Protein chains: 2
Amino acid sequence: MNRKKKTTITDIARKLNTTPSTVSRALADHHRISDEMKKAVWEMVEKMNYQPNSIASALRKGKSNIIGVIVPTSDRQFFASFIRGIEEIVRDEGYHLMICQSDDQYKKEKSSIDTLLNIRVDGIIASVAKETSDISHFQKVKNLGVPLVLYDRVIESLDVNMVISDDYLGAYQGVVHLIEQGCRRIAHFAGKQHIHIYQNRLKGYLQALEDHNLDVDEELIIESDLIQNTYRIVQTGYQMGKKLMKLPQPPDGLFSSSDFAAIGAIGYFKESGIAIPDEIALVGYSNDFSASVIEPGRTSLDQHTIRMGNLAAEQFLKQARTKPEKFLSQKTLLTPELIVRESSLKKVAEKPSP
Amino acid sequence: MNRKKKTTITDIARKLNTTPSTVSRALADHHRISDEMKKAVWEMVEKMNYQPNSIASALRKGKSNIIGVIVPTSDRQFFASFIRGIEEIVRDEGYHLMICQSDDQYKKEKSSIDTLLNIRVDGIIASVAKETSDISHFQKVKNLGVPLVLYDRVIESLDVNMVISDDYLGAYQGVVHLIEQGCRRIAHFAGKQHIHIYQNRLKGYLQALEDHNLDVDEELIIESDLIQNTYRIVQTGYQMGKKLMKLPQPPDGLFSSSDFAAIGAIGYFKESGIAIPDEIALVGYSNDFSASVIEPGRTSLDQHTIRMGNLAAEQFLKQARTKPEKFLSQKTLLTPELIVRESSLKKVAEKPSP
DNA sequence: CATCCTAGCGCAATCCTTTGCATGATATTC
DNA sequence: GAATATCATGCAAAGGATTGCGCTAGGATG
C-alpha cells in the first residue's frame, strides 16, 4: 500500500534546524549535547516515527550487533534451549541472533559461515557438523578476528573459546550409578568415535568399569550413528537392544549415549517382557523431555543446556570486549547431572546385605 | 590476531586498473561487461579473497536478503520443522533467516518486530503470541509495505497472507474417528478460547458430535492453558484426566487439543488401571515425536509443519515479487492428517472392508 | 564521408549514520 | 581584560556497494 519512505535522522535534523550529526549524538546520549536538544530530538523522533536504520549504522560502525549461531539441527530440544540460553544473556546488550542450521552437512556449515561473515556478524557460536573434518572455515573466522565460540561438538585442536559438557564425567557418573545398583555386565551404545563427545563418553564408561574391577566385554559395546533422524535412532536402539539380549551372556545394565537409542531399546525390552530395571537397568543421555513421560521413567544425564547457552554467550561477550592481542581462549567444562528415575533404580538395591 | 582489513571492490578495481562500478557489475554478471573483464575480476576476487560486504549492499539496495521469523518458542518440534520448511524454499533464493522468540509475550513480540524492521528485513513470517491483543505492530509492518505472512496462530482481522492448519477439520476428523471406534461420551481438553486455533478445535469437536447425534455434556469439556511449559501441561493433563474419570458418568473417549495434555492424561489412566483404548480411547493433537514412542502409541493429528513452512515461504516470495498495489492477500488452509495408533484403536472395531 | 549505434566502461551521486576535527559562543581564570 | 577552558553544535569525510547517465572508440549504415 503506502510504502512510505522511512524517516532518517536527516529529516529530523531539517525539522529542527540542526544537522544529522547532532541528531545522531542526541540519540546516542552524547554528553556534549544539551538536554534541551536531546529532548527536542526525542520528541521529533516520536512525532515522525523515526526508526533507526541499523544497516547504515552497521556499515559505519563496522559492527552489526548480530551474533551468528550455527546449530546442526534445531529439531532437538538441546539446541532450542541452548539458543534460549544465549538469548537470555545477549538480549540486554543489544545483540540479536541469526540462526543457521547446518543439518550436520559440511557444505551447509561452510556456506553458513560465509553468509555470517558477509553480513559482518559480531561473532559466531557454533557446534560442528558431524561430517566436518576440514576446519579451514573455522580457522578463517578466527584469523579474521571474529569472536568464535564452539560448543558441544567442538574441535579440540583449534585455539578458540569452547563450552562443552563433561561427557567423560557424565558417562562415568552414569555407569558408576549402574554399578552401584548392582549391575555387573554393563553394555554401552556408543556413537561414532570420530566425534569427541562420543569418544569421551566411551572413555568414561571404560574408566568406570576399570575403577570397579569389572571386565570390559567388547561384545557389549555397540557403535552406531547417533546423529540422524530421531525416528531412525529409536529404531536402531531397538535393534541394538535385541542384539544385546540375544547374546549368550546378556547384559544386566545399559548405558546409552543417546536418549533416543535408549527409547528404542526400552521398546524392545518391554515387548519381550524383559523387566526394567530388574533384568536390565538403563541410563540414557541428554535428559530429553521424553525421559520423564515414557515408562519406565528413564535415568539420564542432564546437560544443563540453557546454562551452556549462557556460558557461550558470556564467553562471546568477554572476547568481544577484549582486544584481539590480549585475548586468551578459554574452555569451560560443564558437569552433567545424573537424574535418577525408575529405569535404573533396582528395588533389590535397598536390601541390606545378608 | 591479524584482524586484517577486508578487501573491497575498490581494492580489486585498483589492482585491475578499473573502477568499483565495473567490478560491481562484473560480479553481478552485467551484460555490458566484457567476458575478459569478468574473468579478470573473478580471478582477482579469488586471489585477494574478496568477501562481499552485504551490509553495504543492503544499505544501497534497501534490501537485506533476510527474512525475519517470529516463533512463540522454539522448544516445540512444531516450530523447528516449520523453520526447516521455510529454509528449504528460500535458501536457493539467497535469503537467510533471522529467528526471534517472543516467548508468547506481547512485549517481546513487539520489540522483535521493531528489531527486524530496523535491520530492514525483506519480510516477516510470524505466529502471534498468546498474550497479544493489540495488533498495531503488525499493522505497522503491513503499512510499511514489508511482506508479512502469519502462520498457525494468526489474526483473522488482518488483511495479510496466512497459512494455517485447518484446526476445525482436524478436530472434526479426530472426534469422528473416536465415534467410529464406538465412543459415545467424548471429552475434550480445550485450550484458551481467545486463541483461534483452540476455538476452531472446539468447534470441530462440537460439530462432530452434533453430526452424529451425540449430546454435548459441558462437564466433559475442560478448558486450560495449553501454551506453557511442557512439563506443566503434562501435569495439567494428568489432573484433568483424573477429574474426568471421577465424574459420575466418566467419558469413554477423549479428544485433547494438546499432545502433552494427552500424555498427562495417559499417565493417570495407566496409573489407575484404566484401560486404553477399551475404557477410554484417546486422540491428541500435533503428532509430537513422543506419540510414537509412548505406550500406548497415541493417535494424533499431524499438522505437516514442514509443508506449512514451505507454504509460508512461498507466500512470502510471491508477495516480495509483486508490486504492493497489485498484491492480494491469500489464506492457505492445510488439512491435518489423522495418524491412528493404539490409543484409539479398539479391538472390537474391526473394520468391515469392501 | 557523415551519421547512428552499440559495446564497454568511468563518473559521481546515493543509501544513512557516525565521528574526528573545527568553530563560535560563553564561562572561567589570573 | 586578555587568555584559556568548556560547551554545544556544525562540517565533511568516511564506510562499501550500486546505478543512472555520460563518454569514447569502433563498427555498421546509408
Side-chain angles (χ1 to χ4, degrees), chain A residues 3-42 44-45 48-66 94 115 117-122 144, chain B residues 3-42 44-45 48-66 94 115 117-122 144:
Chain A
R3 189 188 280 268
K4 310 171 200 165
K5 271 153 268 160
K6 283 134 189 165
T7 48
T8 73
I9 53 170
T10 314
D11 299 331
I12 294 183
R14 245 195 307 269
K15 287 274 183 188
L16 292 173
N17 267 328
T18 177
T19 59
S21 11
T22 303
V23 175
S24 172
R25 281 192 259 254
L27 291 175
D29 204 23
H30 193 284
H31 66 283
R32 280 296 181 72
I33 300 293
S34 67
D35 288 347
E36 326 164 55
M37 180 56 92
K38 283 178 189 167
K39 206 179 145 201
V41 167
W42 278 110
M44 196 52 78
V45 161
M48 302 182 67
N49 189 29
Y50 167 74
Q51 300 275 121
N53 185 327
S54 14
I55 303 250
S57 170
L59 175 59
R60 180 63 237 255
K61 298 211 285 194
K63 143 175 229 305
S64 60
N65 275 308
I66 296 178
T115 307
L117 253 23
N118 283 358
I119 69 164
R120 302 301 195 264
V121 289
D122 294 345
L144 247 29
Chain B
R3 189 188 279 268
K4 311 171 199 165
K5 271 154 267 158
K6 284 134 192 163
T7 48
T8 71
I9 52 169
T10 314
D11 299 331
I12 294 183
R14 245 195 307 268
K15 288 274 184 188
L16 292 174
N17 267 328
T18 177
T19 59
S21 10
T22 302
V23 175
S24 172
R25 280 191 260 252
L27 292 175
D29 203 23
H30 192 283
H31 66 281
R32 279 296 179 77
I33 301 293
S34 67
D35 288 346
E36 326 164 52
M37 180 58 92
K38 283 179 189 169
K39 206 179 147 201
V41 168
W42 278 110
M44 196 52 79
V45 160
M48 304 183 66
N49 189 29
Y50 167 75
Q51 299 276 120
N53 184 327
S54 14
I55 303 250
S57 170
L59 175 60
R60 180 64 236 257
K61 298 210 286 194
K63 156 173 218 306
S64 60
N65 274 309
I66 296 177
T115 307
L117 254 22
N118 284 357
I119 69 164
R120 302 303 195 261
V121 290
D122 293 343
L144 247 32

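Proteins get letters first, then strands, A, B, ... in listed order; numbering begins at 1 in each. The shown structure was predicted, so the numbers you read here are calculated from the model rather than taken from an experiment.
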Colleague: Establish, with yes or no, whether the OP1 or OP2 oxygen of dT18(C) is under 4.0 angstrom from a side-chain nitrogen or oxygen of S57(A).
Modeller: yes

Colleague: With distance as the sole criterion, is a donor-acceptor pair present between the side chains of S21(B) and S24(B) under 3.5 Å?
Modeller: no

Colleague: Are OP1 or OP2 of dC16(C) and a side-chain N or O of Y50(A) less than 4.0 angstrom apart?
Modeller: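 Result: no.
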
Colleague: Please list, chain by chain and in numerical order, all residues satisfying salt bridge (Lys or Arg N to Asp or Glu O under 4.0 Å) with R32(A), sequence neighbours excluded.
Modeller: none

Colleague: Side chain of A56(A): nearest nucleotide among dC15(C), dT19(C), dT17(C)?
Modeller: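 Within the option list, the nearest is dT17(C).
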
Colleague: Atom CZ in R60(A), atom CG in N53(A): separation rounded to 0.5 Å?
Modeller: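 Result: 14.5 Å between the selected atoms.
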
Colleague: With sugar-phosphate meaning primed atoms plus P, OP1 and OP2, does S24(A) contact a base, only sugar-phosphate, or nothing at under 4.0 Å between heavy atoms?
Modeller: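 The residue S24(A) makes base contact.
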
Colleague: dG10(C) phosphate, OP1 or OP2: any side-chain N/O from T22(B) under 4.0 angstrom?
Modeller: yes

Colleague: Taking only the side-chain nitrogens and oxygens of S21(B), find out if one of them lies under 4.0 Å from OP1 or OP2 of dT19(D).
Modeller: no

Colleague: Among dC11(C), dC16(C), dA17(D), which is the nearest nucleotide to the side chain of T8(B)?
Modeller: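 So the nucleotide nearest the side chain must be dA17(D).
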
Colleague: Got a donor-acceptor contact below 3.5 angstrom from the T8(B) side chain to the D11(B) backbone?
Modeller: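 Looks like yes, one N/O pair under 3.5 Å.
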
Colleague: For A58(B) and I55(A), which heavy atoms make the closest approach, and how far apart are they?
Modeller: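 Smallest interatomic distance, heavy atoms only, reads CB-CD1, 3.6 Å.
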
Colleague: Using a heavy-atom cut-off of 4.0 Å across all strands, would you classify N17(B) as base, sugar-phosphate, or nothing?
Modeller: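 Sugar-phosphate contact only.
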
Colleague: Ignoring hydrogens and geometry beyond distance, is the side chain of R25(A) in donor-acceptor contact with the base of dG10(D) at under 3.5 Å?
Modeller: yes

Colleague: Does a side-chain N or O from T18(B) land closer than 4.0 Å to OP1 or OP2 of dG10(C), or not?
Modeller: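 Answer yes for this pair, as a side-chain N or O of T18(B) is under 4.0 Å from OP1 or OP2.
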
Colleague: R60(A) has a side chain; which of dG10(C), dT19(C), dA17(D) sits nearest to it?
Modeller: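 The nucleotide sitting nearest to the side chain is dT19(C).
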
Colleague: Could you check S54(A) against S57(A) for side-chain hydrogen bond (donor to acceptor under 3.5 Å, both in side chains), going step by step and ending with a plain yes or no?
Modeller: CA-CA 5 Å; S54(A) 14; S57(A) 170; over 6 Å; no

Colleague: Counting only non-hydrogen atoms, which of residues 30-40 of chain A are less than 4.0 Å from DNA chain C?
Modeller: none

